[in-house]
Amino acid sequence: MKFSIAVGYIFVGASVVEAFSSRPVSGRTPSSSVLHSTTEYPPMTRSKTKVPVFDEVCDTTGVTLTRFMNEVAMLNPEIRELTTLFGAIDTACKAMSNLVKRSQLPSSQTLGYQGEVNVQGEDQKKLDVITNDLLKRALRFTGRLGVLASEEEDVPVDLIGSATSDAREIVIEEGEKYVAVFDPLDGSSNVDAGIPTGTIIGIYEHDDSCEIDPECLADDCTEQEAQCLANTLQPGTNLVAAAYCLYSSSTFLALTLGNGVYIFTLDETLGEFVLSKPQVKIPEDCKIYSMNEANLEKWDAPLQKVVKGWREGTGKSGERFSSRYIGSMVGDVHRTLLYGGVFGYPGDTKNPNGKLRLLYEGAPMSFIMEQAGGLSTTGKERVMEITPEYVHQRVPVLMGSKNAIQEVIDAYAAE
C-alpha cells in the first residue's frame, strides 16, 4: 500500500505573545490534593521538561479544548506556549475535516492526483498539497516562526518572508523553543474511497546546543548545518507533545502532553472540540491485530511465528485473534487505543525498514501509545529511543496492548 503524504517542520519562537497568565483564575489556588501527575508510563528522559501536572478540570468530560489548554497553561506556566500551538492545531483540524468531508462533492475538485511528485518520488494527491499548505499557514501565525522544511521542499525555507517570494533564505530566530513536525493527511490514498484519514503532529523542544552560522543561506549551509537548523533529528523521547486528528464518523483530536492521553470530539453545533475520553488506557490484553497480512510471508521469522500463533489461538494468551485492518495508520491506531490490539507496519523483504516515517509518524504515535499504557517497538528496539539519521527515515513499527507487544519483543529476543 502506497502512502502519499506531506510533512512540515516548524520552529515556534519563545517570544510568542503570552495569552495565558500563570496567576490562578479568579484568585483560585490549585489544591495539591486535586493535582495529578501520572507516573506509570515509560520514563521521560528529556533533561529540560518535567511531566506537567493536571487538575480535576482536565479530567472533566465536556470541557472544551480551549478551556483544557487554559487550565494546563495556568498550572504549568513553563509550557504555556503550547496553548498557542494547539489553538492553531484546533483550527487546522476543523478546516481539514471540512475539506475531507466535502472532497466527495463534484464541485470540490480536491480528489485525484496533483500531477506532480514530492521529493521522495511519491505521487501527490491534491488534498496532500492543500492540507499541507493549510497546516503550514495555521502554524505560521502562532507567533514568531523560524524555519520550515517540507516533504515538498528539499531544503529548509524561510517561513517569515513573503509567501510569494522564491528566495530560499534560512532564517535563524533568537529564543526558539519548539519544533513541530507533522503529516498533514496520513492515509490520503484512501480519501477517494471515503475511508478514514488523519493528521499526525509531534512537538519537540528546540535544541539550544545547536550551533550554526546565522549568515548561511540554503545553498551555502553544509548538510550538517541544515540538519541542525531543521532541529528535527531528535528521538521520540524528546517529544513534549503529540497529537492526531481523525476524520471519520466524527472528528477526533487525541493529544498527550506527557501525562496521559486525552481524546476530544468535535461538536459541530458548538464548533468546539470537547473532551470525550480523559486518561485513555489501552487494555493490556487483546484479541485484535491490524496488519497487512498479504505480506506475512515476507516478514521476519519471529513475527511470522507470533502472528500465526495469534491466528490459531496458540499464542501466549491462548486466545484466537481477529484481523481488523483499515490501512490508515490514524484510524487503526485510534481503534487499537480504544479496544486494545496490535497495529503493525513491519519491515519485510521488499522494505526492510517498513514504510512509516520515524520522525513524524512512528515517534509521535508511539508517544501517544506509550502514554496510554501500551508499547511500541520495531521488534528489536523501542521506537521512541531511535534517533533519526535523516528527516524522512523509515522504521518498522509494532504498537499496541502491552502483553501482545511484549510477546513480539520476546520472540525477537529469542531469535
Side-chain angles (χ1 to χ4, degrees), residues 1-11 113-114 116-125 127-129 131-133 135-136 139 146-157 159 168 170 179-189 197-204 206-207 210 218-219 221-239 242 244 328-330 333 344-348 350-367 376 378 381-399:
M1 180 176 177
K2 186 171 185 178
F3 286 85
S4 177
I5 62 175
V7 57
Y9 316 89
I10 297 196
F11 289 72
Y113 290 96
Q114 179 77 4
E116 299 177 359
V117 295
N118 59 27
V119 296
Q120 298 189 75
E122 298 174 329
D123 293 325
Q124 290 180 319
K125 305 281 282 189
L127 272 176
D128 281 333
V129 178
T131 53
N132 186 56
D133 290 344
L135 192 51
K136 285 195 299 185
L139 291 171
V147 179
L148 164 73
S150 171
E151 193 165 357
E152 322 312 324
E153 311 276 355
D154 54 2
V155 294
V157 297
L159 193 64
R168 292 198 170 189
I170 294 180
V179 178
V181 300
F182 59 84
D183 174 355
L185 197 62
D186 175 74
S188 60
S189 59
T197 55
T199 299
I200 303 172
I201 300 159
I203 300 173
Y204 294 85
H206 173 65
D207 184 0
C210 216
D219 293 336
C221 286
T222 66
E223 181 180 356
Q224 291 77 14
E225 285 179 318
Q227 289 179 345
C228 189
L229 187 60
N231 218 318
T232 56
L233 301 184
Q234 302 183 51
T237 50
N238 284 10
L239 281 162
Y244 68 76
S328 172
M329 184 184 191
V330 176
V333 171
Y345 208 124
D348 55 37
K350 182 179 179 181
N351 300 292
N353 294 320
K355 297 192 72 175
L356 298 178
R357 279 71 169 192
L358 170 62
L359 192 65
Y360 44 88
E361 291 175 316
M365 294 300 264
S366 294
F367 188 31
S376 180
T378 66
E381 57 186 324
R382 183 184 174 204
V383 173
M384 289 277 287
E385 293 179 347
I386 302 173
T387 300
E389 296 179 3
Y390 52 93
V391 168
H392 302 300
Q393 179 175 334
R394 299 175 192 262
V395 64
V397 174
L398 295 157
M399 64 173 65

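Note that the numbering runs from 1 along the sequence shown for the chain.
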Go through the steps for Met329 and Ile200 under the test side chain to side chain contact (heavy atoms under 4.5 Å, CB included), then give the verdict.
CA-CA 10 Å; Met329 184 184 191; Ile200 303 172; 4.2 Å; yes

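Interatomic distance, CG of Leu239 versus CG of Leu359, reported as 8.5 Å (0.5 Å rounding). Atom OH of Tyr204 sits about 8.5 Å away from atom OG1 of Thr237, to the nearest 0.5 Å. Within the model, atoms CG of Leu185 and CG of Leu135 stand 10.5 Å from one another, a figure rounded to the nearest 0.5 Å. Separation of atoms OH (Tyr244) and CE (Met365) is listed at 6.0 Å; rounding is to 0.5 Å. Expressed to the nearest 0.5 Å, how far CZ of Arg394 lies from CD of Glu361 amounts to 8.5 Å. Between atom CE of residue Met399 and atom CG of residue Leu356 there is a gap of 8.0 Å, rounded to the nearest 0.5 Å.
Across all their heavy atoms, Pro388 and Pro235 have their closest contact at CD-N, 4.1 Å. Heavy atoms only, all atoms of each residue included: Gly347 and Pro396 are closest at N-CB, 3.5 Å. Residues Ser376 and Val397 come closest through the heavy atom pair OG-CG1, 4.2 Å. Ala242 approaches Pro364 most closely through the heavy-atom pair CB-O, 3.6 Å.
In this structure, Thr197 has no side chain to side chain donor-acceptor pair (under 3.5 Å) partners at least two apart in sequence or on a different chain. Glu385 meets the salt bridge (charged side-chain N to carboxylate O under 4.0 Å, His left out) test with Arg382; sequence neighbours excluded.
Side-chain contact between Thr378 and Ile386 is present, with heavy atoms from C-beta onward closer than 4.5 Å. Val383 has its side chain within reach of Leu358: a pair of non-hydrogen atoms, C-beta onward, lies under 4.5 Å apart.
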